[in-house]
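Scroll down for the structure; my scribbles are underneath it.
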Amino acid sequence: MPGTGLLLFRPNWSSLLQGNRKFHLIALAIMAAIALPAYLLAPGVMTGVLLTLVLLAIAWIAVDEWRHFQSVNRAYEMAMQAAHDGFWEWNPQTKALHVGRRLLQILGYHEDFLPDTHAWLRLVHPDDVAIYNCAVAQHLKGESEYFYCEYRVLASDGLYRWIASRGLAVRDRRGLAYQMVGSVTDITQRRNHQDEMEFLARHDVLTGLPNRLLFAEHLNEAISAAKILNHQIAVLFFDLDRFKNINDTLGHRAGDRLLQLVAERVGKKLPKNARLYRQGGDEFIILLAPLSDAEGAFLTAGTVKDVIATPITGDETDYFTSASIGVSLFPSDAADGETLLRHADTAMYEAKAAGGNTIRTHTQQMDERVVSRMGLEIRLRRAIQDQQLDLHFQPKVDILSRRLVGAESLLRWHDGEKQIPPDRFIPVAEESGLILPIGEWVIDRAIAQIAQWRTQYAELIPITINLSPRQFWRPSVSRYIIDGLQAAGVPSSALEVEVTESVLLDADTGCIDELMCLRDAGIRIALDDFGTGYSSLSYLHRLPISTLKIDRSFISALPLDGSTGGSEPLVRAIVAMAKSLSLEVVAEGVETEAQYEFLKSLGCETVQGYLTGRPVNASEFSAKYLADRSI
């Protein structure tokens with residue numbers, strides 16, 4: 001085609017100008033410098049035409065530059081929109097500030113009303129101004145490679161939003177900054193989730209009280225201050241008498257409500273130097289610091305005893321209970337926080353042994369609890385030898401199809417005709433080291449049971465075993481499990497391992513390497529009781545886990561009336577976080593259809609609890625669940 005050659009060789013003047021912009025600008029400047037004096041000295045047609053051509057060329061380049069600038073600016077705005085980031089530019093010398101439209105949109109503003117730094121600082125949260133100014137100053141002085149700061153800014157709706165601001169300074173030859181440019185990202189949701197998780201780590205979800213971890217921090221601080229100022233401290237340890245009867249007769253929901261009412265009632269009656277904590281279960285701690293004399297501790301203990309003994313009305317139930325209270329004093333009873341708490345705990349058990357509803361202070365003669373635990377340890381050693389231990393299995397159910405997808409093996413101890421609760425003998429096993437032979441027995445028994453079921457059923461669900469943190473103190477627990485599976489001819493996919501959040505406390509002692517070995521062998525890892533005390537987002541990504549298990553305390557605290565109180569925001573945050581990390585979510589302790597449907601609406605994949613099945617022995621589990629996996 002004749003026209004094709006012309007099209008191919010037609011010069012793209014805009015492209016040529018953009019590619020050689022510097023050269024052309026210099027050439028035009030030289031031509032203008034020649035043409036203008038020539039026209040002024042010798043006006044004429046030729047010099048006029050030359051001057052006109054030069055001016056037109058300059059105008060053309062100016063228009064082309066403006067179009068290029070607009071194109072770059074549009075591309076940058078589109079990039080900021082796609083990244084959900086906002087742009088800003090600041091002159092450190094004049095304090096002039098320019099912000100992009102996206103930044104204004106993040107904060108809900110429609111017009112740029114931020115001419116300078118002072119206007120911006122008026123939006124920054126008062127508690128964050130110093131942090132912000134410090135980060136800016138460090139970068140301007142060259143003390144940081146780039147500027148970065150997370151802080152709160154007032155939005156148009158009157159609420160503060162968290163933003164992450166980052167930027168770089170442009171400097172002259174002397175190193176002085178004359179311009180800073182950067183962007184901001186809205187991190188409000190991430191910071192809210194982080195705050196919720198940090199709150200979970202140090203507070204009890206049911207009562208909202210500080211938990212035992214925060215108590216330990218406050219106790220150590222109080223002891224340090226007491227040593228300097230030479231004053232006393234008191235720890236009051238109390239639990240509710242016959243609380244188990246309330247759970248057994250009225251149900252766990254009623255028991256949880258009683259704990260909330262006790263926390264509320266006692267908290268209102270405490271003196272200013274006292275703070276209330278929940279230890280766990282029906283146990284509470286009060287820290288009195290500073291304390292002028294021991295009498296103040298006993299007066300507070302008496303007040304607590306009377307308050308709890310008064311009938312408590314909640315919802316449609318009247319609760320009648322009392323408290324056993326143990327008192328320990330610093331420095332007369334103990335010189336460190338751990339011993340102080342243990343003595344208060346011992347004194348509380350002395351009060352309970354005396355019939356409850358009474359107060360005891362620690363004495364050297366209080367060894368009944370120690371003797372009792374020693375007796376339990378001896379019986380537990382005999383139970384291992386006499387094969388009194390057994391495994392029960394609780395089904396795990398797919399929340400959408402209600403079909404069996406797994407089971408957790410749970411340790412049980414039958415001492416004659418009496419069954420010893422796991423929460424009684426497991427702590428003794430942990431403290432005495434018996435958890436190591438017991439743990440190996442559980443591994444062997446679970447693998448043997450899986451192998452037996454595989455001969456009876458074509459497809460078998462994965463069975464979960466629990467590993468104690470102490471089992472990681474010995475090397476090669478992973479090797480023991482892997483060798484056991486291979487010896488029995490059981491595939492690694494048939495077994496799942498659960499660890500508790502306390503593993504996070506020993507995250508640098510080799511347990512993570514052991515978990516890595518298990519994962520690499522094809523064994524799934526679940527993190528049990530998530531959010532009950534040791535949650536750490538910084539450690540969570542290091543653990544090779546595939547499943548998060550929401551603790552039953554969060555499930556039992558879910559509101560059933562459609563409101564958003566109780567643990568609903570926390571459960572929602574855990575599920576959202578797990579999904580963002582591509583982790584499966586299993587909810588424990590599901591007892592009602594309302595809880596089931598709420599978890600289903602959140603996208604929780606699997607549930608476990610009395611609603612879908614109680615723990616039963618191997619033969620009953622096989623007959624009830626493996627033949628037909630529908631629940």
Side-chain angles (χ1 to χ4, degrees), residues 14 17-19 21-22 25 58-59 61-191:
S14 178
L17 282 171
Q18 291 178 9
R21 186 173 284 109
K22 184 177 181 180
L25 288 174
I58 292 174
I61 288 181
V63 171
D64 188 67
E65 285 287 340
W66 173 251
R67 289 176 177 172
H68 178 69
F69 171 78
Q70 289 289 87
S71 175
V72 172
N73 190 53
R74 283 195 301 272
Y76 188 82
E77 287 287 343
M78 291 173 65
M80 290 293 102
Q81 288 283 353
H84 303 288
D85 288 353
F87 167 78
W88 56 265
E89 177 187 9
W90 178 57
N91 187 324
Q93 298 175 359
T94 66
K95 310 302 180 186
L97 176 67
H98 170 69
V99 298
R101 286 177 294 177
R102 177 57 187 158
L103 191 152
L104 294 171
Q105 291 173 1
I106 289 174
L107 299 177
Y109 297 113
H110 301 290
E111 297 181 2
D112 185 357
F113 61 97
L114 303 168
D116 53 31
T117 311
H118 304 295
W120 178 253
L121 286 176
R122 283 194 290 269
L123 298 181
V124 178
H125 193 286
D127 294 342
D128 298 340
V129 170
I131 299 173
Y132 170 80
N133 285 336
C134 180
V136 173
Q138 284 182 337
H139 185 56
L140 291 179
K141 294 175 183 177
E143 297 175 0
S144 59
E145 184 178 354
Y146 56 87
F147 162 71
Y148 183 82
C149 186
E150 295 185 5
Y151 56 102
R152 289 161 290 182
V153 179
L154 187 65
S156 62
D157 57 6
L159 302 176
Y160 282 94
R161 300 195 69 82
W162 277 98
I163 62 171
S165 183
R166 61 190 67 80
L168 286 171
V170 183
R171 305 179 187 274
D172 58 22
R173 295 179 180 177
R174 297 172 298 169
L176 296 178
Y178 62 86
Q179 184 185 32
M180 274 185 70
V181 293
S183 63
V184 300
T185 304
D186 185 355
I187 59 170
T188 303
Q189 187 175 12
R190 191 253 290 174
R191 287 298 298 244

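Note: hydrogens, waters and symmetry copies are ignored here, and every other heavy atom, side chains too, is used. This is a predicted model, so every value here is computed, not measured.
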(message) Over 60° means perpendicular and under 30° means parallel, so tell me whether Y132 and F147 are parallel, tilted or perpendicular.
(response)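 Aromatic pair Y132/F147 classed perpendicular.
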(message) Suppose we screen for side chain to side chain donor-acceptor pair (under 3.5 Å). Which residues come up paired with Q189, at least two apart in sequence or across chains?
(response)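 Q189 satisfies side chain to side chain donor-acceptor pair (under 3.5 Å) with no residue once adjacent residues are dropped.
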(request) Sequence neighbours left out, what passes side chain to side chain donor-acceptor pair (under 3.5 Å) with N91? Give chain and number order. (result)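 Side chain to side chain donor-acceptor pair (under 3.5 Å) list for N91, sorted by chain: T94.
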(message) Determine whether L104 and H110 satisfy the following criterion, side chain to side chain contact (heavy atoms under 4.5 Å, CB included), listing intermediate values before the conclusion.
(response) CA-CA 7 Å; L104 294 171; H110 301 290; over 6 Å; no
Quick check for you: to the nearest 0.5 Å, what is the distance between [X] atom [atom1] and [Y] atom [atom2]?
X	Y	atom1	atom2	value
R171	M180	CZ	CE	8.5 Å
L154	L107	CG	CG	8.5 Å
T188	W162	OG1	CH2	9.5 Å
S165	L103	OG	CG	8.0 Å
L123	L114	CG	CG	5.5 Å

(request) Sequence neighbours left out, what passes ring pair (Phe, Tyr, Trp, His ring centres under 6.0 Å) with Y109? Give chain and number order. (result)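 Counting only residues at least two positions away or on another chain, Y109 forms a ring pair (Phe, Tyr, Trp, His ring centres under 6.0 Å) with F113.
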(message) H125: which residues meet the ring pair (Phe, Tyr, Trp, His ring centres under 6.0 Å) condition with it, sequence neighbours left out?
(response)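 Ring pair (Phe, Tyr, Trp, His ring centres under 6.0 Å) check on H125 returns Y160.
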(message) Side chains of W88 and S183: any donor to acceptor distance under 3.5 Å?
(response)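 Per modelled atom types, S183 and W88 side chains form no pair under 3.5 Å.
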Within the structure provided, determine whether [X] and [Y] are in side-chain contact (heavy-atom separation under 4.5 Å).
X	Y	result
V153	W120	yes
P115	L97	no
L168	H139	yes
L121	N133	yes

(message) Test side chain to side chain contact (heavy atoms under 4.5 Å, CB included) on V99 and E89; report intermediate values, then the result.
(response) CA-CA 6 Å; V99 298; E89 177 187 9; over 6 Å; no
(request) Go through the steps to decide whether Y151 and I163 satisfy the test side chain to side chain contact (heavy atoms under 4.5 Å, CB included), and finish with yes or no. (result) CA-CA 6 Å; Y151 56 102; I163 62 171; 3.7 Å; yes
(request) Run the numbers on W90 and K95 for side chain to side chain contact (heavy atoms under 4.5 Å, CB included), then give the verdict. (result) CA-CA 7 Å; W90 178 57; K95 310 302 180 186; 4.0 Å; yes
(request) State whether the side chain of D116 and the backbone N or O of A119 hold a donor-acceptor pair below 3.5 Å, judged by distance alone. (result)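 Answer holds: yes.
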Between [X] and [Y], what is the shortest heavy-atom contact and its length?
X	Y	answer
I106	G86	CD1-N, 4.1 Å
A135	Y148	CB-O, 3.9 Å
A177	Q93	O-NE2, 3.6 Å
I131	C149	CG2-SG, 4.0 Å

(message) List the residues meeting salt bridge (Lys or Arg N to Asp or Glu O under 4.0 Å) with R174, not counting sequence neighbours, and say none if there are none.
(response)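 In terms of salt bridge (Lys or Arg N to Asp or Glu O under 4.0 Å), with neighbours along the sequence ignored, R174 is linked to D172.
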(request) Sorted by first residue and then second, give each salt bridge (charged side-chain N to carboxylate O under 4.0 Å, His left out) pair with at least one member in residues 133-156; sequence neighbours left out. (result)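 As it turns out, the salt bridge (charged side-chain N to carboxylate O under 4.0 Å, His left out) pairs with a partner in residues 133-156, which skip direct neighbours, are D128-R152, E150-R190, E150-R191.
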